[in-house]
Undergrad: 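Can you keep this structure in mind? I'll have questions shortly.
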Amino acid sequence: MFQGNSINVQRIEEGFVELCFDRREDSINKFDERTLHELADAVGSIARDGTVRGVLITSAKKTFVVGADINELSTAFRLSEADLALRNLKLNQGFIDLEDLPVPSVVAINGLALGSGMELTLAAALRAMSIGARIGLPEVKLGLIPGMGGTVRTPRVAGADVALNLIASGKLITAPEAKSLGLVDAVCVAEELRATALDLLRQACNGGIDWRHRQSRKRCLTINEATDQQAVLNARWKEVSARSPKHQPATLVALELMTRAATKTREVALAMEAESFAQVAKTHAADSLIQTFRNGQALKKLFRKHDHDGRVVKQAAVLGAGIMGGGIAVTSALHGFPTRLKDLAQSQLDLGVTEVDRQLARQIKNGRLNAERARIVRDSLTPQLDNRGFDAVDMVVEAIVERLETKRVVLSTLETHLHRDAIIASNTSSLLIDDIAQALARPENFVGMHFFNPVPVMALVEVVRGSRTRAETVSTAVAYALAMGKTPIVVKDCPGFLVNRILTTYVIAFLQLVAEGADFAQIDRVMEDFGWPMGPAYLQDVIGMDTGARVWRVISAGYPHRMVLPKRDAVCLLVEHKRYGQKNGAGFYCYDLDSTGKTHKYTSDETYALLSAIQPEGARFFADAEIIERMMLPMIVEAAHALEDDVVASAAELDMALLLGLGFPAYLGGPLKYADWLGLDNVVRQCDRYAKLGNHYVPTGPMRALAAARQSFHNA
Ligand SMILES: NC(=O)c1ccc[n+]([C@@H]2O[C@H](COP(=O)([O-])OP(=O)(O)OC[C@H]3O[C@@H](n4cnc5c(N)ncnc54)[C@H](O)[C@@H]3O)[C@@H](O)[C@H]2O)c1
């Protein structure tokens with residue numbers, strides 16, 4: 001009856017037709033413009049045929065429809081807001097025609113139905129869902145709102161509260177949840193999906209289900225229903241705005257839109273949705289979050305290769321049961337690796353094991369682990385003081401004290417207890433992998449695995465390739481990190497690796513501002529408003545002033561031409577006064593416990609008096625915009641240096657590492673995406689204005705060339 005590239009329609013039994021999504025030469029179904037036009041044509045041919053009694057909608061792939069074609073969407077987002085809204089409205093036509101068919105339609109949801117895939121199911125009269133399938137409206141995760149009727153049909157099918165929860169969380173839901181929320185009409189095992197959907201279709205045809213009432217409700221709610229929905233949405237306003245991430249307006253736009261559209265006809269509501277969709281699509285957040293999604297897709301391809309090339313890790317071990325070692329060991333065991341945890345001292349080992357138990361208890365409390373599984377994990381972890389069983393271990397992560405000589409001695413001895421192919425990964429944060437490797441007999445089996453603190457929470461692992469590390473060793477470390485649920489990024493061995501190297505320039509910018517008389521609390525407020533999880537002064541307090549002072553000194557010494565700390569900087573001054581930060585109650589801020597036992601931070605005159613010793617020109621006011629420029633530009637410049645030095649292979653990997661390792665504001669997409677958004681010509685101009693402050697503000701040659709050619713990092 002209809003044959004397209006992504007959709008075909010055939011007559012089946014009882015006067016029904018089957019509209020099947022089966023995208024040619026692809027493993028999944030998605031909605032690109034061509035498919036949306038085909039849908040309108042396919043539905044048109046059904047509508048014109050007077051003999052069809054009902055429509056069964058299926059997918060021939062494992063998934064149903066995974067949503068929009070993201071690459072095509074990003075190109076469309078270059079349109080003006082008005083043209084984008086118009087495009088969306090036009091592309092909605094197939095969904096509207098499906099909803100308006102004079103005969104009932106039933107969707108058989110066999111797998112993932114996401115975004116526009118789920119929105120299509122809502123346009124049909126009825127829905128049957130296989131027990132293993134999942135549906136959801138994840139658009140907010142891309143900084144968007146549903147744009148194919150999701151904000152209009154979800155509340156009319158399942159109520160305003162369900163719609164808001166789905167849209168605001170972007171979460172996928174299971175078939176039983178979808179049924180209990182009223183989003184689908186039947187749930188069954190996969191083998192019975194077709195029969196169940198056909199049965200619904202028969203019931204609709206013979207009057208057993210009043211599908212026409214549902215159809216008219218989707219076109220317009222009664223005034224009472226609409227007013228009730230508005231009341232529900234109004235009551236949620238405060239809570240939703242409190243939970244919305246900074247500078248990501250999509251959720252609030254969706255809430256406001258659904259509130260206004262509740263009383264409107266479907267046609268008016270869809271036009272309003274198209275306008276709001278275009279409005280959020282043009283935001284900085286959408287541009288960045290879509291880039292991040294694409295970066296993630298690119299990473300997945302790399303991961304598949306490493307997974308294939310790496311050696312199998314059956315047993316793991318961690319050396320050092322301190323802050324990092326305990327976290328690495330529990331994460332390794334939780335992900336199915338029998339893991340040995342070795343320390344020098346029983347007291348330290350006990351502390352590490354206590355930390356492991358605390359982590360497991362937390363997982364049980366959060367409902368992520370049951371007691372039986374926790375016991376199995378705990379049993380798979382062997383605390384020990386000797387080298388028993390190390391000959392069977394395939395991967396050892398070293399997390400002992402940060403001293404080159406100690407690491408060299410310990411690791412060269414360790415090598416003698418391991419089998420020839422075993423891999424040693426150091427969690428060093430400031431030493432070079434090549435420097436440690438000098439002491440090893442098998443440097444090709446040695447690599448860096450730089451985890452971030454706290455290990456169970458932080459997703460990033462920098463896998464550091466030394467100059468003698470074998471490719472297979474890198475792949476094994478990547479695959480092991482992936483199997484631990486982490487996102488590994490391969491980086492070249494250099495001072496600070498990638499993340500801390502870029503962070504150091506940000507810290508230097510901060511210390512310079514303070515030395516010039518800026519108020520550290522204002523800098524914190526400005527940077528937190530800008531989207532950072534914590535300002536730079538508070539960050540020093542959390543890291544610990546003594547640790548920070550050492551790290552910034554070591555890393556900046558690796559780049560003496562452009563990373564120069566002020567002659568007397570605030571961090572060193574605070575160390576001199578034994579103000580180590582949160583851990584001893586005073587750093588930039590002072591800390592108290594309030595009556596509920598929560599730590600409370602505040603500024604004190606004493607701190608300002610202390611800092612005046614390193615501010616030769618006294619306190620000075622800086623405009624917020626200048627603070628942002630001075631803090632952010634050096635990160636962009638250093639990111640460009642890192643890319644040019646091949647510290648990472650791509651802009652996608654660099655930005656992902658900074659987002660995951662540093663909490664770089666998500667709506668900026670990472671330093672390189674941020675530079676792309678600002679425009680490289682603009683970045684270069686701003687940098688030149690600050691060049692007198694030091695070479696960390698001086699753009700690189702390739703940056704200037706990209707700017708002159710009007711190109712960007714992500715399209716270079
Ligand atoms: N703490 C962080 O935020 C962080 C972040 C990333 C990387 N790192 C790196 O991780 C490593 C460990 O740091 P940490 O903060 O966990 O230190 P820590 O001081 O908390 O723990 C080190 C542990 O190693 C043990 N140890 C020392 N020599 C040993 C040996 N020969 N064999 C076995 N155990 C030994 C100590 O007894 C101690 O328990 C360092 O290289 C550090 O640079 C730390």
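Numbering of ligands and ligand atoms starts at 1, following listing order.
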Undergrad: Suppose we screen for side-chain hydrogen bond (donor to acceptor under 3.5 Å, both in side chains). Which residues come up paired with Tyr674, at least two apart in sequence or across chains?
TA: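 By the side-chain hydrogen bond (donor to acceptor under 3.5 Å, both in side chains) rule, Tyr674 matches no residue at all.
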
Undergrad: Hydrogens and angles aside, do Glu355 and Gln359 bring a side-chain donor and acceptor to less than 3.5 Å of each other?
TA: yes

Undergrad: May I ask you to say whether Glu402 pairs ionically with Arg550, meaning some side-chain N is under 4.0 Å from a carboxylate O?
TA: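 A salt bridge is absent here (no side-chain N lies under 4.0 Å from a carboxylate O).
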
Undergrad: Between Glu398 and ligand 1, is there a nitrogen or oxygen pair with a distance under 3.5 Å?
TA: no

Undergrad: Have a look at Asp343, Val318, Ile400 and point out the one with the heavy atom closest to atom 25 (C) of ligand 1.
TA: Asp343

Undergrad: Is the shortest N/O to N/O distance between Thr406 and ligand 1 below 3.5 Å?
TA: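 Among all N and O atoms of Thr406, none is under 3.5 Å from an N or O of ligand 1.
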
Undergrad: Any idea which atoms of ligand 1 are less than 4.0 Å away from a heavy-atom of Thr428?
TA: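 Near Thr428, meaning under 4.0 Å from one of its heavy atoms, ligand 1 has 41 (O).
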
Undergrad: What atoms of ligand 1 come within less than 4.0 Å of a heavy atom belonging to Val410?
TA: 31 (N)

Undergrad: With a 4.0 Å cut-off on heavy atoms, is Ala399 in contact with ligand 1?
TA: yes

Undergrad: According to the interplanar angle, ranging from 0 to 90°, do the rings of Trp532 and Tyr506 count as parallel (below 30°), tilted (30 to 60°) or perpendicular (above 60°)?
TA: tilted

Undergrad: State whether the shortest distance between N or O atoms of His450 and N or O atoms of ligand 1 falls below 3.5 angstrom.
TA: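 Min N/O separation from ligand 1 is not below 3.5 Å for His450.
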
Undergrad: Taking the minimum heavy-atom distance to atom 9 (C) of ligand 1, which of Val401, Leu431, Asn427 ranks first?
TA: Asn427

Undergrad: Specify the protein heavy atom at minimum distance from atom 16 (O) of ligand 1: its residue, its atom name, and the distance to 0.1 Å.
TA: Met324 N, 2.8 Å

Undergrad: Distance under 6.0 Å and angle within 45° of the ring axis: does Lys601 meet both against Tyr589?
TA: yes

Undergrad: Does any N/O atom on Phe452 come nearer than 3.5 Å to any N/O atom on ligand 1?
TA: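 Between Phe452 and ligand 1, no N or O pair is found under 3.5 Å apart.
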
Undergrad: Less than 4.0 Å between atom 20 (O) of ligand 1 and some protein heavy atom, yes or no?
TA: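 Yes, because at least one protein heavy atom sits under 4.0 Å from atom 20 (O) of ligand 1.
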
Undergrad: Hey, which atoms in ligand 1 end up nearer than 4.0 Å to a heavy atom of Lys407?
TA: 40 (C), 41 (O)

Undergrad: Mark up the atoms of ligand 1 that fall under 4.0 Å of a heavy atom belonging to Lys342, in ascending order.
TA: 33 (C), 34 (N)

Undergrad: Looking at Arg525 and Asp624, is any side-chain nitrogen of the basic one under 4.0 Å from a carboxylate oxygen of the acidic one?
TA: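 Judged by the 4.0 Å cut-off on N to carboxylate O distance, Asp624 and Arg525 do form a salt bridge.
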
Undergrad: Do Tyr591 and Tyr602 have their ring centres less than 6.0 Å from each other?
TA: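 No.
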
Undergrad: Drop me the distance from Lys342's NZ to Leu344's CG, to the nearest 0.5 angstrom.
TA: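 Reported to 0.5 Å precision, the distance equals 6.5 Å.
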
Undergrad: Pairs of nitrogen or oxygen atoms closer than 3.5 Å, one from Phe451 and one from ligand 1: do any exist?
TA: no

Undergrad: Could you tell me whether the side chain of Phe622 reaches within less than 4.5 Å of the side chain of Ile523, counting heavy atoms only?
TA: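 Counting from C-beta outward, Ile523 and Phe622 never come under 4.5 Å.
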
Undergrad: Is it the case that Lys314 places NZ or CZ above or below the six-membered ring of Phe337, under 6.0 angstrom from the centre and within 45 degrees of the axis?
TA: no

Undergrad: For atom 30 (C) of ligand 1, grab the closest protein heavy atom and report residue, atom and distance to one decimal in Å.
TA: Leu344 CG, 3.4 Å

Undergrad: Is Ile323 in polar range of ligand 1, meaning some N or O pair under 3.5 Å apart?
TA: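 Such a contact does occur with ligand 1.
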
